[in-house]
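Have a look at the structure below, then the notes.
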2 protein chains.
Amino acid sequence: MASRSDTKTRILDAAEKLFAERGFSETSLRLITSKAEVNLASVNYHFGSKKELIRAVLARYLDVFMPAASTAIKRLHTAPTQASLEEILSALVDPLLDLNELRTEGTTIFLQLLGRGYIESQGHLRWFITTHYGQHLDTFVKAVSASAPHIPPAEMFWRLHFTLGTIVFTMASADALNDIAAAEFGEHNDIEAVIRKVIPYMAAGVSVPVAS
Amino acid sequence: MASRSDTKTRILDAAEKLFAERGFSETSLRLITSKAEVNLASVNYHFGSKKELIRAVLARYLDVFMPAASTAIKRLHTAPTQASLEEILSALVDPLLDLNELRTEGTTIFLQLLGRGYIESQGHLRWFITTHYGQHLDTFVKAVSASAPHIPPAEMFWRLHFTLGTIVFTMASADALNDIAAAEFGEHNDIEAVIRKVIPYMAAGVSVPVAS
DNA sequence: ATTAATTTAAAACACTCGTTTAAATTAAAC
DNA sequence: GTTTAATTTAAACGAGTGTTTTAAATTAAT
């Protein structure tokens, strides 16, 4: 059989789908390689270990999304008035949806991977993200904090993680929820519609005054 | 050694702690039985399989929490004025905290189990809960809808699932988030503090006016 | 006290897992 | 075209998994 120089890509493509659907530890290397139609050992040859494959899958998205999100938020800074919280969150929508042009279902897969990473791995993925993309996260947190100056930093920390949970869980079950919504209320939303629904919800929660 | 009729309880007690901390699939039966100081085979003798053990662990909490939550919400109905959304959500706090008297760290363990169950199992636990505790869920949804009559049913459907995502994700990673919060802001929150933090967030999101 | 039903115990079973090895193949370099 | 390096392949390794089996011990009933 002819050699394929795209073995790495085939592995990454198969792995990200399975990881997003089933989680990291529930996805075996044998399932990945059979779906990718490559040899089992090629994972360890190209990536070294399963853990490093997981990081590579995430990095392929983060390397695109994080800079795009950063510049989108910095663009808001050039406006004469302070951007509202909803404007800041909305600025992330385009970078998020652009992932769909990177790969099919890219937006959904990315958000699901993010959620899995936060819950499954015992901190090593969180460490990976904060050390590799810390400055991008900083600009986001600073922008959000500036738009809601009445929220103390510690409170904002919690609310931003509430927000992460909202978006991640919603995306993980978006397909199932869409089916129910279509059957029960006769409305069908695509990913973008769901994202635009969730933004007001998150913006209201993040900026609600702290109880004394 | 003398026979112990509390072998089932010893298994359940050890299992729920480990399941909450590490997740279901990351917790082996050997780890559970060694921590419970019982024989490995006794799990399959008393519960049949690991999957049934997981359900038994969850049912032990749900059987207590669900009726208590239902009656707490129905009690609000007796008041002369319509309960606010925050009042409805707050009514769940006491049934939740009462689980701490059932077992040590009961509240934390229950919520983490719920989160793990929703994320790890692909819908199996969702089915288990809705079929076994559906009427309790109904009273909750009806009470919330009545408290926010300006939200159309279809929009409320989405927002309640946003809310589910918020609480589930937060509880699944509560320990990790608490560690970060302690390191970064020097504040350490118990589970009640986190619950009281998340309620205003969710209440604001659910009741925010729908964009025209 | 004897029998019967539970409960515990130790070991093995039949997998699956990530990883490694060593040979075969392909691509690149000279 | 030969040599060298990079890549792919098949097979096995060792450790870990849930589950089952078989026998012993304990408890309950007769």
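Hydrogens, waters and symmetry mates play no part in the numbers below; they use all other heavy atoms, side chains included. All values derive from a computational prediction rather than experimental measurement. Residue numbers start from 1 in every chain, and the chains themselves are labelled A, B, ... in the order their sequence lines are given, proteins ahead of strands.
For B:S42 and C:dA9, the shortest distance from a side-chain N or O to OP1 or OP2 is not below 4.0 Å. Applying the 4.0 Å criterion to OP1 and OP2 of C:dT8, one finds that B:H46 has a side-chain N or O inside that range. At least one side-chain nitrogen or oxygen of B:S28 sits closer than 4.0 Å to the OP1 or OP2 atom of D:dT17.
The side chain of B:N39 has C:dT8 as its nearest neighbour among C:dT8, D:dT19, D:dG18. You'll find that the side chain of B:S49 is closest to D:dT19, out of D:dT19, C:dT19, C:dT6. Nearest nucleotide to the B:A41 side chain, out of C:dA9, D:dG18, D:dA10: C:dA9. Considering only the side chain of B:L29, D:dT19 comes nearest among D:dT19, C:dT19, D:dT7.
Summarising the geometry, the separation between CG on A:L31 and C1' on C:dG18 is reported as 14 Å, rounded to the nearest angstrom. Rounding to whole angstrom units, OH of residue B:Y45 and P of C:dA5 are separated by 12 Å. Here the C1' atom of nucleotide D:dT7 and the CG atom of A:D6 are 13 Å apart, to the nearest Å. Atom pair A:E52:CD and C:dG18:P shows a separation of 15 Å (rounding to whole Å applied). Here C:dT8 presents its C1' atom at 15 Å from CD of B:E37, a figure rounded to the nearest Å. Rounded to whole Å, atom C1' of D:dA11 lies 15 Å from atom CG of A:N44. Taking atom CD of residue B:E26 and atom P of nucleotide C:dC17, one finds them 13 Å apart after rounding to whole Å. Spacing between atom CG of A:L40 and atom P of C:dT21 amounts to 15 Å, rounded to whole angstrom units.
Ring centroids of A:F169 and B:F169 are separated by 6.0 Å or more, keeping the two rings apart. The distance between the ring centers of A:F140 and A:H136 does not fall below 6.0 angstrom. Annotation: B:F128 is in aromatic contact with B:H132 [ring centroid separation under 6.0 Å].
Here A:R126 does not pair with B:D179 in a salt bridge; the nearest charged N to carboxylate O distance is not below 4.0 Å.
One N or O donor and one acceptor, one from the side chain of B:R30 and one from the base of D:dG18, sit under 3.5 Å apart.
The local environment of CD in B:E155 is crowded, with over 12 non-hydrogen atoms from other residues, nucleotides or ligands closer than 6.0 Å.
Residue B:S25 is classed as having no contact, given no heavy-atom separation below 4.0 Å to the nucleic acid. Counting any heavy atom pair closer than 4.0 Å across all strands shown, B:T33 reaches no nucleic acid atom.
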